[in-house]
Number of protein chains: 4
Amino acid sequence: MGSIQHPRRGDTRQCIQDVALELFAEQGYEKTSLREIAERLDVTKAALYYHFKSKEDIIVSIFKDLTRPVDGLVAWGLEQPRTLETKREILSRYSGMLTDAAPMFLFLEENQASLRDLRIGALFKERMTDIRELLEEPDAPLSNQVRCLSALFAIHAGMLTLGDDEGHPEERREAVLEVAFELVNRAHGVTE
Amino acid sequence: MGSIQHPRRGDTRQCIQDVALELFAEQGYEKTSLREIAERLDVTKAALYYHFKSKEDIIVSIFKDLTRPVDGLVAWGLEQPRTLETKREILSRYSGMLTDAAPMFLFLEENQASLRDLRIGALFKERMTDIRELLEEPDAPLSNQVRCLSALFAIHAGMLTLGDDEGHPEERREAVLEVAFELVNRAHGVTE
Amino acid sequence: MGSIQHPRRGDTRQCIQDVALELFAEQGYEKTSLREIAERLDVTKAALYYHFKSKEDIIVSIFKDLTRPVDGLVAWGLEQPRTLETKREILSRYSGMLTDAAPMFLFLEENQASLRDLRIGALFKERMTDIRELLEEPDAPLSNQVRCLSALFAIHAGMLTLGDDEGHPEERREAVLEVAFELVNRAHGVTE
Amino acid sequence: MGSIQHPRRGDTRQCIQDVALELFAEQGYEKTSLREIAERLDVTKAALYYHFKSKEDIIVSIFKDLTRPVDGLVAWGLEQPRTLETKREILSRYSGMLTDAAPMFLFLEENQASLRDLRIGALFKERMTDIRELLEEPDAPLSNQVRCLSALFAIHAGMLTLGDDEGHPEERREAVLEVAFELVNRAHGVTE
DNA sequence: TATGAATGAGGTTTCATTCAT
DNA sequence: CATGAATGAAACCTCATTCAT
């Protein structure tokens, strides 16, 4: 009476994902072994394989769960008119998602090499390309394309690279968005 | 008397570095084994250990050799007046170095997780911070710091992410610099 | 009210045996996992353990069910006079059983190593020895013993090794029996 | 001074093959783990991988080494006239090879299932087919094909199945050949 | 200047099996 | 009658590294 044996309430799958992301982010994908994940959960390695069919499957599932909002954003973006206003909205929402799932995005940035030939590599690239295409105009001059791309990277850089010593998270987001907006504005010929 | 077996002359050390970087960049640091490097050189693994004392030592030596110019740039920057002109010069030179050693920089970006607890991780971060500090004004508002940081990332993004289908390398560098300049200009209050 | 999920009626036990033999024959005993069997039946592994107490138990039960006729044959043989006619009858009946339970016999032949230390290994050997003893005369010269043994192997070889491209099954059985008869005839000194 | 450390004189590769075949024959291919082989040699598993690139590679190398004579026999057979005399010679030589490499052939027979989808499976089948084709006449009636096939199986059966209690090895070989000859004789229409 | 042989640690994965529900 | 969750053991294999020669 009283569940002493299995501290996890029933959602082991979720726990695995949580711990895994934590370790992947901390140590890198390759350097994190399933043994470590299992140990930290006080579970056997085989238990992980009950819930996921491979190491790759773990990270893919986390990725899909955490980047679902981005899919929504892309879908939404495709239905909007390609105005400057839309683009700003996209950048704004995107930066919000980045805040919410910061560890995941940081992980993605730092482990590109490891993920390249996992299924996730392609998924990530696709997602980023989708967003880029919402921002860039196909026939714009190269410098404008760089501006749009940089707007995206400014968000990533500002939110992931800037440490907590440099301002409050919310402040950071504002500053980052200011710069990102500036870049797309320019790309649209809006100088001021 | 003709060197049939090992086409490379006498500088095995250099050859190892070349092949290693090639493979590290292509597959990632963790996924590239010493066996692979040795095989591609048609040499035994033990031979690698004659020239380098560990796998880490290989990558560190490559890193040091290839980022030496950046050291020079930082040293030079420290002696200059902190004018806008200086900063533009720094960005310009830095983008040149990035062009010259593109594979190395791409490798660094994609393998952050792997390098984090190698000696190299710290070195890389230092170098980037040094440059940031040459660009940023310590007491400037946060948005201006983001602008400077983004200038740096714009260069990285534009030169490493943009594929060869998007314009000629030299064109790309120009476009990238245009945007980077714009960002530091703004950071200096130069609007137009 | 309609059995949608499990198309097989109520006799799960039988279904397990069928699928198991199919897979064992196809892939080998060791290489067939309980997971595979369960999956093909759309049932959980634990369900298998409800019906059988171990993997070995599954194969043993199949073996016993399918080789029961051979027991009958041996029993019958023991009651007959040891005439040539009896031996031909035995070979004939045996070849019929082989036709009926071909997959099982093929499985037995191809998995001897795996079965050796399962209870089944001994059972199989016993059964074959029983039949051999019905055919061979204890004090006959060695060459005659080889003839009898070969008669048995001719049946196995002809019916299991010969592909379906080499004649119609019924034709094959006739040809095989012709040769087997020849061999026991000779063993009995009947030359022509 | 004095090689105390490594009892094996330098031909570890050969030792591995010997021990491996011994264990494979004794316990079966699947049930023999590399750990066991390594332990019996007092060597680490990794050492095995220095000499062979996989478990499969070990058995394949053994197979190739030990069945090389059969290749020679087939080559020789192809150059001879397809006379009855030639066929008897083939059976005779083949039975000799079987005596020399009995453990290997026994292993092959008992582990067909395991070997089926290893490279070795195909090789083995090929070799057997080559020999069958040297014995059989393509357009002969089915019963004659069975005779030739049975001649081959008689050799296998007699030499591998018959225990050491049933006559001296050399006697067995003679008896077996007598029966095998009888079968090909018949296949050639030679009655007496 | 290099090689050949080996090691020890550890990786991911799979398996037969159990048991509370 | 069957499932869902988990285990412990063991499998094959790879890696960075060492050292006598």
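Convention: sequence-line order gives letters A, B, ...; per-chain numbering from 1. Worth saying up front: this structure is predicted, and the values here are computed from it rather than measured. Heavy-atom basis, side chains included; hydrogens, waters and symmetry copies ignored.
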Could you state the [atom1]-[atom2] distance from [X] to [N], rounded to the nearest angstrom?
X: D/Tyr49; N: F/dA11; atom1: OH; atom2: P; answer: 11 Å
X: A/Lys31; N: E/dG11; atom1: NZ; atom2: P; answer: 13 Å
X: C/Ile37; N: E/dC15; atom1: CD1; atom2: C1'; answer: 12 Å
X: B/Asp42; N: E/dT3; atom1: CG; atom2: C1'; answer: 12 Å
X: B/Leu48; N: E/dG4; atom1: CG; atom2: P; answer: 13 Å
X: D/Glu30; N: F/dA11; atom1: CD; atom2: C1'; answer: 11 Å
X: C/Tyr50; N: F/dA2; atom1: OH; atom2: C1'; answer: 9 Å
X: B/Arg35; N: E/dT3; atom1: CZ; atom2: C1'; answer: 17 Å

Subject >> Atom pair CD (C/Glu110) and CZ (C/Phe105), whose distance is rounded to the nearest 0.5 Å >> reply: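 The CZ atom of C/Phe105 is 14.0 Å from CD of C/Glu110, to the nearest 0.5 Å.
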
Original post:
When rounded to the nearest 0.5 angstrom, what distance separates CG in D/Leu48 from CD1 in D/Ile16?
Top reply: 5.0 Å

Original post:
Hey, can you pull the residues of residues 51-63 of chain D with a non-hydrogen atom under 4.0 angstrom from DNA chain E?
Top reply: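 Residues of residues 51-63 of chain D that come under 4.0 Å of DNA chain E are, in numerical order, D/His51.
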
Subject >> Residue whose nearest DNA chain F nucleotide is more 5′ - B/Thr32 or C/Thr44 >> reply: C/Thr44

Original post:
Would one find a side-chain N or O of D/Ser33 under 4.0 angstrom from OP1 or OP2 of F/dA10?
Top reply: no

Original post:
Within the structure, does a side-chain N or O atom of D/Thr12 lie under 4.0 Å from either OP1 or OP2 of E/dA5?
Top reply: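 Answer is no, no contact under 4.0 Å.
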
Original post:
For residues A/Gln17 and A/Ser61, is any side-chain donor paired with an opposing acceptor at under 3.5 Å?
Top reply: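 Present: a donor and an acceptor within the cut-off.
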
Original post:
Looking at side-chain heavy atoms only, is the closest gap between C/Leu115 and C/Phe107 below 4.5 Å?
Top reply: yes

Original post:
Below 4.5 Å, heavy atoms only, C-beta onward: do A/Phe124 and A/Asn111 meet side chain to side chain?
Top reply: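 Counting from C-beta outward, A/Phe124 and A/Asn111 never come under 4.5 Å.
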
Original post:
Got a salt bridge between D/Arg40 and D/Glu36, using NZ or NE/NH1/NH2 to carboxylate O under 4.0 Å?
Top reply: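 Salt bridge flag = no for D/Glu36 with D/Arg40.
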
Subject >> Base-pairing assignment for E/dC19 (Watson-Crick or G-U wobble, both under 3.5 Å) >> reply: F/dG4

Subject >> Counter-base of F/dC13, judged by Watson-Crick or G-U geometry with both distances under 3.5 Å >> reply: E/dG10

**OP:** Report yes if a donor N or O on one partner sits less than 3.5 Å from an acceptor N or O on the other, where the partners are the side chain of C/Lys45 and the base of E/dT17; otherwise report no.
**Re:** yes

Original post:
Within 45° of the six-membered ring axis of C/Tyr29 and under 6.0 Å from that ring's centre, is NZ or CZ of C/Lys55 located there?
Top reply: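 C/Lys55 over C/Tyr29 ring: yes.
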
